[in-house]
Structure formats: C-alpha cells, structure tokens
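Below is one structure, written out as structure tokens; comments come after it.
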Amino acid sequence: MTTRRALLTAGASPWFIPRAWAADTPRFALGVASGQPRADGMVLWTRLTGTDLPTRVDVQWELAHDEGFARIAARGVELAEAAWAHSVHAEPGGLEPGRWYWYRFQAQGQRSRIGRTRTAPAADATASLRLALASCQRWDHGHYAAWRHLARQDLDLVAFVGDYIYEYPSSPTALRRHSGGLLLDLDGYRERYAQYKSDPALQDAHAACPWLLTWDDHEVANDYAGTASSTPLGLDLARLRTAAYQAWWEHQPLAKAQRPQAGVMRLYDRLDWGRLARVHLLDDRQYRDVQACPPLLRSSGSRTLFARDCAALNDPARTLLGREQEQWLAQGWSLDRPWNLLAQQTLMARFSSDPAGRYWTDGWDGYPAARARLLGAAAERRVPGLVVLGGDVHAHHVADLKVDFDDARGTVIGSEFCSTSISSHGRKQAALDQALPLNPHMHLARSDVRGAIVLDVQAQQLQARLLAVDDPTDAGSPVRELARFVVDPKQPGPQRA
Ligand SMILES: [Fe+2]
C-alpha cells in the first residue's frame with residue numbers, strides 16, 4: 001500500500017498537498033519594473049512566475065513615500081491573467097510631481113522585491129535629468145556588467161532603444177546559451193524574455209528607476225520592416241509580429257491602453273521633464289517601408305551598397321517612421337524648453353564607408369529622404385537643443401547633425417549620441433577607423449567596447465559620459481569612462497570635454 005510517507009520519501013509529486021509546493025515556487029522571479037513617468041503617475045510592472053498559477057490571480061500593489069512603506073501614497077489590486085502571461089501593469093495616478101517613490105507587489109502569499117521609481121517634475125518646474133541610454137543586450141554574447149554599473153548611478157531615467165532580446169538560437173560555444181531555438185511563437189518569446197529578465201544586474205537596473213523603452217528588429221526578427229520578413233524561410237511575419245508584440249507588452253512597464261491588438265501597438269510617445277526637456281520616443285520598425293534594393297531573391301532586408309547602384313534609395317516617398325508618426329513628431333517639438341531629446345533606435349548621422357557613398361540600408365542611411373525631412377523640419381522650426389539618442393549599431397558614435405551631410409560647411413542643427421551595445425558583439429574597429437575621415441561630422445566611432453552612455457542634462461549644458469566595460473565576459477567587470485562630451489543648448493554640436 002502506498003502511504004503518504006512513502007510518496008514523500010520517494011520524491012514523487014504529492015498531489016494531495018499542492019499548496020505546499022506552490023508556496024515554494026518563486027512568484028516574482030523576474031523582478032519588478034516601472035516606466036513612463038509623468039508628473040502625476042507612472043506604470044508599475046511585474047509578472048507572476050510558476051507553472052501552477054490559476055488562470056486569474058489578484059495581485060496587490062502599493063506605492064509609498066519611503067522605502068519602509070510607512071507612508072503609503074497609493075495602493076490597488078490588478079488582475080493577472082494567464083492569457084497575458086500573468087503580467088501586471090498598475091497605473092497609480094494623482095501623485096506629487098518630481099518625487100521618488102517605492103513600490104512592491106504581493107500575490108499567492110509572497111511579496112516582490114522593492115522597486116524605486118519617480119514622477120516627472122511639474123511642467124513649470126526647473127529640473128535636471130540624469131538619463132542612461134542603452135541598447136542591444138544579447139544574452140549569449142556577454143554579461144551585464146554595464147547594467148550592474150548603471151543601477152548604482154542615481155539615474156532618473158533609462159532610455160532603452162531596442163534589441164532587448166535576440167530571437168536567435170545560441171551556438172554551443174556561447175558564453176551563456178539562449179534556452180530554446182529560433183523564436184517562432186508566443187511561448188518562445190515569453191521564455192526568452194523570462195531568461196533575459198532572470199539576470200540580477202538587469203533586474204537591479206529596472207528596480208532602480210523608471211524606463212522608457214522602444215524596440216528594434218530583434219524583439220521580432222532580424223531586419224523586419226512593417227510586416228515584411230527579411231528571411232527567405234517563408235515566415236509569416238504578421239503572425240510572428242503578433243506574438244512578439246504581445247510578449248513585449250507582457251514583459252515591459254507599458255500602459256494597459258498600449259496592449260497590442262492584432263499585432264499593432266502604439267509605442268511612440270513623448271514625455272515632458274519640467275521646463276528642462278521634452279523627450280520624444282520613436283518607433284522606426286512598425287511603420288517603415290522595406291529596405292531599398294534588398295538582397296537577391298528577397299523582398300526586404302538590409303545590405304551595404306553604393307548609392308549609385310540603388311535608385312530607390314533616394315525615393316522621397318519612402319518612410320522610416322510612417323507618415324502619421326512623422327507628422328506627430330514635426331508638430332510636437334517643444335519650442336519653449338532648452339532641450340528636445342529624440343530617443344530612437346539607430347544611428348541618424350550619415351556614415352559612409354567609401355568616398356563614393358556606400359551605405360548600410362537598414363538604418364537612417366537607407367532612408368535619406370525621410371532623414372532630410374525630419375532634420376529639415378526641425379531646422380525650419382529652430383527646434384531648441386535637438387539631441388538625437390540612438391543604438392542598434394553596437395558602437396559609440398558622437399556626431400553633428402546636419403540637413404545636408406555632404407555640405408562640409410553646412411549648419412549644424414543638432415547633436416547625436418548613439419550608444420554602443422550592453423553586450424552584443426560589435427564590428428571590427430579597423431572598419432570604423434577607416435570610415436571616420438570620410439564622415440567629418442562624426443567626432444567618434446568605437447565598436448570595440450560594450451557599455452552605455454550617461455547624460456546629465458541641465459538648462460545650461462548637457463554632458464554625455466561614454467562608458468566602456470573592461471571585460472564583457474565578466475559579470476562583475478569594472479566599467480570606465482571612455483570619453484566625455486558637452487553640448488551647449490544654444491550652440492548645436494557636441495564638444496569634447
Ligand atoms: Fe542589436
């Protein structure tokens with residue numbers, strides 16, 4: 001006869017006491033996060049973990065003025081549903097502007113870690129802003145020493161501009177391997193986010209301050225454009241995108257109103273930081289035209305090509321942002337604040353690798369007419385303190401922005417800081433060194449380091465510190481400052497400090 005004792009000693013599943021096991025399953029294994037800080041609120045995020053969760057779970061959250069939760073500012077209950085991966089998106093409102101808050105969640109008899117977040121300054125308040133710019137955190141290419149460092153930098157905000165996950169399988173010799181193969185369905189994307197979010201340094205960075213996030217291609221599939229796939233595998237990109245966008249929303253501090261419907265999600269957004277700055281966040285994937293002159297036998301996808309070989313490259317009808325977003329941006333500049341920070345996915349400044357004009361077609365160089373429209377409109381409106389923030393190319397770039405990059409004496413109308421990757425491998429530095437003299441508007445190009453950029457923004461000056469991780473294969477690696485630049489809001493263009 002099988003007794004309960006026999007079952008337990010044999011290590012078999014004690015089906016008659018499931019709660020005893022449930023209590024052992026960590027419910028908040030992916031940490032907490034916050035995002036989209038406004039003057040009166042923000043979004044708080046977590047996702048319950050464990051395979052034995054009910055279909056619907058009530059999750060309590062609380063937000064306090066102090067780390068000890070003695071003075072509660074807001075609390076509530078959110079329903080976490082299996083259909084949305086038991087994710088929680090709480091949106092406290094009516095908060096005080098320009099304040100730090102602490103938050104935590106509770107469910108299934110367990111409590112999450114405590115996160116720290118803040119509201120934006122009031123619209124009429126003088127303010128300063130310390131912001132980290134980061135992108136491209138390929139798990140199997142390196143550790144997250146950059147996040148470990150950034151979590152301790154007293155940041156107000158992180159702007160993450162794409163490639164939060166990568167969809168690829170890992171090579172058997174990878175530093176740390178992706179679980180699962182090439183991502184092809186919702187379960188796969190969910191598992192990949194959960195793996196990335198298991199990293200303690202990334203969890204610390206999310207818990208330290210609110211984030212603003214946009215995506216690039218690898219959250220769905222390499223080089224995808226709109227609903228066009230760049231692979232010859234016959235993938236149904238629309239179906240893949242629906243799954244990927246859902247998993248993205250489930251795993252990030254995004255508002256409930258942004259929940260994707262049928263593979264469509266409004267991501268582009270802007271946020272005001274007192275009288276100091278307006279931050280614009282773009283989406284250059286969802287609405288773009290396919291890359292010009294795609295590789296042989298493909299309907300989309302990127303190449304590096306000579307402009308003279310591709311007439312479509314300069315077609316003024318082609319768009320990277322889509323007409324609607326282009327207009328939204330052109331009409332939304334702040335003309336009465338010293339700074340307009342434009343956070344978006346990729347390098348905006350022209351970067352030619354040949355004197356005759358040779359360009360990579362997935363970035364802004366592949367959409368030169370759209371770039372000229374954006375920068376031309378900003379110049380026409382005399383947009384104050386235009387600073388473009390980017391990522392994607394796995395290299396630090398610092399550049400002057402011009403409406404016409406061929407005009408060596410043309411007016412500089414803005415500044416660009418493009419951050420290198422957190423962990424994804426970069427191109428050979430020699431290729432960038434060779435190209436740099438061909439692009440005199442470019443002050444720096446470094447693909448040989450991993451890291452991020454920290455920006456200290458004040459009314460009179462913006463300072464950018466370019467960070468470099470000593471050893472990306474070491475999670476505890478020191479991080480040092482590679483270079484420092486400043487920008488005067490009345491004098492566009494970065495100056496080495
Ligand atoms: Fe990347």
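The structure displayed is predicted, hence computed values, not measured ones. Just follow the structure's listing: the first ligand is 1, and inside any ligand the first atom is 1.
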query: Quick one: does His280's side chain have a donor or acceptor within less than 3.5 Å of a partner on Asp269's backbone?
result: no
- prompt: Counting heavy atoms not belonging to Glu324, are there more than 12 under 6.0 Å from its CD?
  reply: no
- request: To the nearest 10 degrees, calculate the angle at the Fe ion (ligand 1) involving NE2 of His394 and SG of Cys136.
  value: 80°
- prompt: So, Tyr166 and the Fe ion (ligand 1): N/O/S under 2.8 Å, yes or no?
  reply: yes
- request: Decide, yes or no, whether a salt bridge links Asp471 with Arg450 under the criterion of side-chain N to carboxylate O below 4.0 Å.
  value: no
message: Tell me which N, O or S atom from Asp163 is the closest to the Fe ion (ligand 1).
response: OD2
task: Would you please indicate yes or no on a ring centroid separation below 6.0 angstrom for Trp249 and His89?
output: yes
